[in-house]
Amino acid sequence: MGKIQQLDSRTANMIAAGEVVERPMGVVKELVENAIDAGSTRIRISIEEGGLKKISVQDNGCGMSSEDAQMSFKRHATSKIHKENDLWNIHTLGFRGEALPSIAAVAKTTLVTSDGNEGTKIVIAYGETVSASAYPCSRGTEISVEGLFYQTPARLKHMRSASYEASLIQDVISKFALSHPEIAFRFVNEDRDAFRTSGQNNLLEAVFNVFGQGAAEKAVEVSFHDFDYEVKGYLIKPEITRASNSMMHIFLNGRMVKTYKLYRAVRDGYGDCIPNGRYPLCVLSVTMDSHLLDVNVHPSKWEVRISKEIQLENLLRTEVHDAMHTEEAVTAESTPSVSKPEYYEPIAFDTDDLAPKERKTEVKEEVNEEGAETKRPSLQNYSAIMQEAQEDNELLKKLQVQEKESAYTEEEEADQFPVLQAIGQYREKYILCSAEKGLALIDLNAAGMRISYETILKEMNGAAVMHELLVPITLHADDATVRRADEINAACSDMHITFEPFGHDTLIVHSVPSWLKDLDAESCLNDLLDAFLQEKTFSGREKAASLAASHHRSMYRKMTADEMKDLVHSLSLCENPYYTPQGKAVMVILDDSELERKFAR
């Protein structure tokens, strides 16, 4: 007998099921897609214990006859396509004929359906048919999935908590509601309504239900097209952003997909309206000829290929840019202008500030401490003095070190940080400093980010100083997130932040720690929730780095000599003054030898 043998159908089905049904969320996605393809206008989804105990999807679609109901559990049996050429002209969400047999292979599945003429009930337990008989019911289909993965412990042990699995299910239902506002969705979690839409084909209503009132009030409707693509939907004004692209929804022919290149195109369209490291909120539905979209890439159907993807990217980038820069109510986030005394002229090497100015060489008189009048030397005398000082390099270096030590007496500063003397500013972005080994350029924003990071981290590790809020911060969240409030609070305990449930879709915060009061607290708290839901590592350093990177106010502006000196000093006190928390350079030093080589010295 040979070593290679053909697997039995049940084992093969269980292996194939792993590609389609990775967790309860995958079951819900497949069943809801079938319900949409059946022409449903109302879909009800209910779950117990995060879907592991039971999932039920009920619709009012066309239903199935008894023959079709039994055939639906056969692998690769489908009503969506019939021949090879149909693969290039798919107008339905499902087409592979794998969902029901895959689900029935790893759970007890009950199908109750009627096409208006006859009703049928079929029960299949882990790949084995238990019963198939006539059953009176109204037109439509209801599929119940119980004991998911109970006979595949290797898969079951990798499932997370019931609340986590429920949050994934609600997230995918939210995507369905945004891509199909003409369908009324109702999601019931543990016998409690968690999410609902009216199905009145009002996309803004769906945006309100998913994103919350604040985002819906700042939604900008867009509609544009070219020869191949038509795009409609809403862009949320850049006043509301997130730390990840989880709130960017782009649907292709009504299909939810993961399209990172298109996400980047939309993000680029916002341009300087939003800070670096932040992502906008949007809901865009792209309609195209089905021949341009290849959905037969992966059994889960999250991945697709677009024939003219670069053309679509350019269309999104251009039109989003125009929408964000022509809307009067949308303004880019900018640093408030800093008022300067009238007599102050900032040190800068900006080309805009290099306009010729009339030099005054007359001698000015001033009074010394003893009341005697003295005369300032002329420009020629200043040049002579500077020439004499430059002739004695050792003396000049010694004077710089003495000045530095007299201003700041920290013992470790000289060991960990080079002695820098701020000499000017370039394009409001960099501080130019004279260093012992050459010329140092400090990126203002990167330096501020590092300083902010270590300041926040120090306050987080110290005794908590809380600030009570007169008006609590309210955060829109889905029902599954509200149910996980205890888990979130446990993860945020070292930050001394407490989220309290307020209804089924709102969390409130009554007090914030001192390090948060000077930042955009609402955005910071939303980012914490997003990080928790995305299962990112919740170590204190990463939280502080995320907050510093996302909400540090841009420091690009003209600075006085004292401000530059203070920033250099604050940077010198940092534990790692050379890199941002994300690993980007804060400072670059151009060595003297390199400069001399540039000038062929």
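Computed over heavy atoms, backbone and side chain alike; hydrogens, waters and symmetry mates excluded.
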Could you please spell out the steps behind the side-chain contact (heavy atoms from CB on, under 4.5 Å) verdict for Met466 and Val512? CA-CA 6 Å; Met466 304 300 293; Val512 296; 5.6 Å; no
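- Across every non-hydrogen atom of Ile169 and Gly50, the tightest pair is CD1-O, 3.6 Å.
- Taking all atoms of both residues into account, the shortest heavy-atom contact from Ser511 to Glu468 is CB-OE2, 3.6 Å.
- Residues Gln421 and Lys565 are not in side-chain contact: their nearest non-hydrogen atoms beyond the backbone lie 4.5 Å or more apart.
- Taking CE of Met25 as the start and CG of Asp171 as the end, the distance is 8.0 Å to the nearest 0.5 Å.
- Between Leu444 and Glu428 the shortest heavy-atom distance is CD1-O, 3.4 Å.
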side-chain contact (heavy atoms from CB on, under 4.5 Å) assessment of Phe187 paired with Ile47: CA-CA 8 Å; Phe187 175 47; Ile47 64 171; 3.6 Å; yes
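- Side-chain atoms of Asp443 come within 3.5 Å of backbone atoms of Ala446 as a donor-acceptor pair (strictly under, hydrogens ignored).
- Taking both residues in full, the closest heavy atoms of Leu235 and Cys282 are given as CD2-CB, 3.8 Å, listed atom of the first, atom of the second, then distance.
- Applying the side-chain hydrogen bond (donor to acceptor under 3.5 Å, both in side chains) rule to Asp268 yields no partners; only residues at least two apart in sequence or on another chain are considered.
- Residues forming a salt bridge (charged side-chain N to carboxylate O under 4.0 Å, His left out) with Asp479 (at least two apart in sequence, or on another chain): Arg192, Arg483.
- A heavy-atom distance below 4.5 Å is not found between the side chains of Arg267 and Asn245.
- Applying the salt bridge (charged side-chain N to carboxylate O under 4.0 Å, His left out) criterion to Glu165, with sequence neighbours excluded, gives Arg23.
- Distance check, rounded to the nearest 0.5 Å: CG of Leu420 to CG of Leu571 gives 8.5 Å.
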Applying side-chain contact (heavy atoms from CB on, under 4.5 Å) to Met559 and Leu567, what does each step give before you reach the verdict? CA-CA 10 Å; Met559 303 181 73; Leu567 186 139; 4.2 Å; yes
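- Ring-plane geometry between Tyr263 and Tyr260 is classed as perpendicular, the angle between the planes exceeding 60 degrees on a 0 to 90 degree scale with a lower cut at 30.
- For the residue pair Ile173 and Val28, the shortest heavy atom distance occurs at CG1-CG1, 4.2 Å.
- A 4.5 Å side-chain heavy-atom check between Leu178 and Phe251 finds at least one atom pair inside the cut-off.
- Residues Arg450 and Asn576 are in side-chain contact: their nearest non-hydrogen atoms beyond the backbone lie under 4.5 Å apart.
- For the pair Met256 and Val172, the minimum side-chain heavy-atom distance is below 4.5 Å.
- Qualifying ring pair (Phe, Tyr, Trp, His ring centres under 6.0 Å) partners for His476, counting only residues two or more places apart in sequence or in other chains: none.
- Separation of atoms CE (Met159) and CG (Leu52) is listed at 7.0 Å; rounding is to 0.5 Å.
- Ser572 places a side-chain N or O within donor-acceptor distance of the main-chain N or O of His569, the cut-off being under 3.5 Å.
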side-chain contact (heavy atoms from CB on, under 4.5 Å) for Leu507 and Val482? Distances and angles first, verdict last. CA-CA 7 Å; Leu507 292 172; Val482 173; 4.3 Å; yes
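- No donor-acceptor pair closer than 3.5 Å links the side chain of Ser452 to the backbone N or O of Gly448.
- Considering only heavy atoms from C-beta on, Thr241 stays 4.5 Å or farther from Tyr270 through its side chain.
- A distance of 8.5 Å separates CE in Met324 from NZ in Lys237, rounded to the nearest 0.5 Å.
- We find the OH-NZ distance between Tyr579 and Lys584 to be 14.0 Å, quoted to the nearest 0.5 Å.
- Cys273 and Pro238 get closest at one heavy-atom pair: O-CB, 3.6 Å.
- Taking the side-chain hydrogen bond (donor to acceptor under 3.5 Å, both in side chains) definition, one finds that His510 meets it with Glu500, sequence neighbours left out.
- Side-chain polar atoms of Asp478 and Thr481 form a donor-acceptor pair below 3.5 angstrom.
- With rounding to the nearest 0.5 Å, the separation of CG in Asn209 from CG in Asp505 is 8.5 Å.
- Counting only distance, with no hydrogens or angles, the side chain of Gln425 and the backbone of Arg557 share a donor-acceptor pair below 3.5 Å.
- Side chains of Ile423 and Leu439 form a contact here, defined as non-hydrogen atoms less than 4.5 Å apart.
- Residues Pro577 and Val586 have side chains not in contact (no heavy-atom distance under 4.5 Å, counting atoms from C-beta outward).
- Between the side chains of Asp591 and Ser593, at least one donor-acceptor pair of N or O atoms lies under 3.5 Å.
- Here Phe499 pairs with nothing under the ring pair (Phe, Tyr, Trp, His ring centres under 6.0 Å) rule; sequence neighbours left out.
- At least one donor-acceptor pair closer than 3.5 Å links the side chain of Glu563 to the backbone N or O of Thr560.
- Between Arg160 and Glu487, no side-chain nitrogen of the basic residue sits less than 4.0 Å from a carboxylate oxygen of the acidic one, so the salt-bridge criterion is not met.
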